[in-house]
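Below: one structure, written as structure tokens.
Letters A, B, ... mirror the listed sequences (proteins, then strands); counts begin at 1. These values consider heavy atoms only, across backbone and side chains, with no hydrogens, waters or symmetry-generated copies.
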There are 2 protein chains.
Amino acid sequence: MAHSTDFLESTFKSKGLPLTVQRRVVYQNVASRQDHPTADDVYLAVQKEHPDFSRATIYRALDCLVQIDLLSRVASFGSAVRYDAKQEHHDHMHCTQCGQVADVEAGDLNLLPKLKQDLGFTVETYSVHFRGLCPECQLEKTNKEN
Amino acid sequence: MAHSTDFLESTFKSKGLPLTVQRRVVYQNVASRQDHPTADDVYLAVQKEHPDFSRATIYRALDCLVQIDLLSRVASFGSAVRYDAKQEHHDHMHCTQCGQVADVEAGDLNLLPKLKQDLGFTVETYSVHFRGLCPECQLEKTNKEN
DNA sequence: TACCTTATGAGATTAAGTATCATCCACAAA
DNA sequence: TTTGTGGATGATACTTAATCTCATAAGGTA
């Protein structure tokens, strides 16, 4: 479920950035979805209610929301960047067939201290990416084979 | 280190695909590199020796090599797809500053059976993606701050 | 060597994302 | 409430990543 309007207002205020209608709508759209939309997915969804919003504005609003940590980018095997509303740490399952990305919970992996020690990388975030077939595509594949 | 030519020939033969000079060169380039190049990185590197190779051919050779499982795509936060020569399972560390992707070994996470059980996804592969700063960018950041 | 299938090169095309700039809006201060 | 100002927006041009098309060339087999 999406956060309240108050939450958005106070977050933007604390960062010193104006909360425009466009940013509000983009955030609400991503936060209310179950999938992990691309910028174009958001543009198309938002256009129904707000046909005047420009594509460039969607990109800029998404960038802004990532900057202030309300959204995050999801690492992807395709060419378009996907977005995700920030929430508790979770991992992702990519369907190699249809490209859908589902949230999964793989638990706390306790890997971060080890990395810092071994490689000198600072670790801000990590996520586990699984690839395989979602239930629907497994079914479709089975049907095609018969 | 790259595999021998015999290995390439037998792999292509078993898949019924012709092993062209272009495919050989593209594979050798990716396999011999320590980084995780984009298609354009490969194109530029290969062009020094083979200025006649077309950009489209590099893309097609990379696709082909992924199909027959000699290369894999690396999930990425940026816009261009990166490639990696297949080897033992390993994970990736992404530098949020310069975009470099390094190999890391996070060990066997034993997550696959759980996923199958909980979500109905079949899991073919998975990898852990870490994000943070590589040692060079940590240094650069420190210098800028002073 | 000759044949057939598939790949290649060149360049047009599409898709994803960024840059520019005149105008407009959010928001704070008066 | 009005006004001032920095930052955001819309339109559009541009860049970059990747794909498509098709005539020609090369691989692999007989």
Side-chain angles (χ1 to χ4, degrees), chain A residues 5-6 8-27 30 36-47 49-68 70-71 73-83 99, chain B residues 5-6 8-27 29-30 36-47 49-68 70-71 73-83 99 101:
Chain A
T5 294
D6 285 350
L8 276 186
E9 279 170 6
S10 62
T11 304
F12 273 88
K13 192 162 210 166
S14 75
K15 306 283 179 174
L17 291 168
L19 172 54
T20 62
V21 177
Q22 287 83 349
R23 286 170 175 175
R24 199 192 297 269
V25 168
V26 166
Y27 176 75
V30 177
H36 299 76
T38 62
D40 207 57
D41 291 337
V42 176
Y43 173 69
L44 292 173
V46 154
Q47 220 188 13
E49 291 283 316
H50 302 276
D52 50 319
F53 286 11
S54 142
R55 217 177 214 98
T57 297
I58 306 298
Y59 280 97
R60 284 183 294 219
L62 289 167
D63 284 348
C64 168
L65 289 159
V66 169
Q67 289 297 320
I68 65 178
L70 290 176
L71 300 183
R73 296 199 169 87
V74 180
S76 148
F77 293 89
S79 48
V81 173
R82 291 178 175 278
Y83 294 87
Chain B
T5 294
D6 285 350
L8 277 186
E9 279 170 5
S10 61
T11 304
F12 272 88
K13 190 162 210 165
S14 74
K15 306 283 180 175
L17 290 169
L19 172 54
T20 62
V21 177
Q22 288 82 347
R23 287 170 174 175
R24 199 192 297 270
V25 168
V26 167
Y27 176 76
N29 182 264
V30 177
H36 298 77
T38 63
D40 208 58
D41 291 338
V42 176
Y43 173 69
L44 292 174
V46 154
Q47 218 187 16
E49 291 284 317
H50 303 275
D52 51 319
F53 286 12
S54 141
R55 215 176 218 102
T57 296
I58 305 298
Y59 278 96
R60 284 183 295 221
L62 288 167
D63 284 347
C64 169
L65 289 160
V66 168
Q67 288 298 321
I68 65 177
L70 289 176
L71 299 182
R73 296 199 169 87
V74 180
S76 150
F77 293 89
S79 49
V81 174
R82 293 178 174 277
Y83 294 86
V101 182

Inset, instruction - Could you check which of C:dG9, C:dG17, C:dA26 has an atom nearest any side-chain atom of A:Val21? - result: C:dA26
Legend entry - Spacing between B:Phe53 atom CZ and C:dA10 atom P, to the nearest angstrom: 12 Å
Legend entry - Length of the line joining A:Leu17:CG and C:dC25:C1', which is rounded to integer Å: 15 Å
Legend entry - side-chain N/O A:Tyr59 vs C:dG17 OP1/OP2, d < 4.0 Å: yes
Legend entry - Any B:Arg55 side-chain nitrogen or oxygen under 4.0 Å from OP1 or OP2 of C:dA10: no
Legend entry - Approximate separation, where rounding is to 0.5 Å, of A:Thr20 OG1 and A:Phe53 CZ: 7.5 Å
Legend entry - Pairwise 5' ranking along DNA chain D for B:Pro18 and B:Thr38, keeping only the more 5' one: B:Thr38
Legend entry - Ion pair check, A:Asp63 and A:Arg73, cut-off under 4.0 Å: yes
Inset, instruction - Taking only the side-chain nitrogens and oxygens of A:Thr57, find out if one of them lies under 4.0 Å from OP1 or OP2 of D:dG10. - result: yes
Inset, instruction - To the nearest Å, give me how far apart CD (A:Gln67) and P (D:dG7) are. - result: 15 Å
Inset, instruction - Take the protein atom CG of B:Leu19 and the nucleotide atom P of C:dT6, then report the distance between them rounded to whole Å. - result: 16 Å
Inset, instruction - Calculate, to the nearest 0.5 Å, the distance between atoms OG1 and CG belonging to B:Thr38 and B:Leu44 respectively. - result: 7.5 Å
Legend entry - Sub-4.5 Å side-chain heavy-atom contact between A:Phe12 and A:Leu65: yes
Inset, instruction - Ignoring hydrogens and angles, answer whether the base of D:dG10 and the side-chain atoms of A:Arg60 contain a donor-acceptor pair closer than 3.5 Å. - result: yes
Legend entry - Length of the line joining B:Arg23:CZ and D:dA26:P, which is rounded to integer Å: 15 Å
Legend entry - Check: B:Arg82 side chain, B:Val74 main-chain N or O, donor-acceptor pair, under 3.5 Å: no
Inset, instruction - Rounded off to whole Å, could you give me the CG-to-C1' distance for the B:Asp41 and D:dT16 pair? - result: 13 Å
Legend entry - Residue met sooner reading DNA chain C from 5', once A:Asp40 and B:Ile58 are mapped to nucleotides: B:Ile58
Inset, instruction - Return no unless some side-chain N or O of B:Thr20 is found under 4.0 Å from OP1 or OP2 of C:dT8. - result: yes
Legend entry - Under 4.0 angstrom between B:Gln22 side-chain N/O and D:dG27 OP1 or OP2: no
Inset, instruction - Taking only the side-chain heavy atoms of A:Val81 (C-beta and beyond), determine which of D:dT12, C:dG17, D:dA18 contains the nearest atom. - result: C:dG17
Legend entry - Rounded distance in Å - CZ (A:Phe12) to C1' (C:dC25): 15 Å
Legend entry - Atom pair distance, as rounded to whole Å: CG in A:Leu65 and P in D:dA8: 12 Å
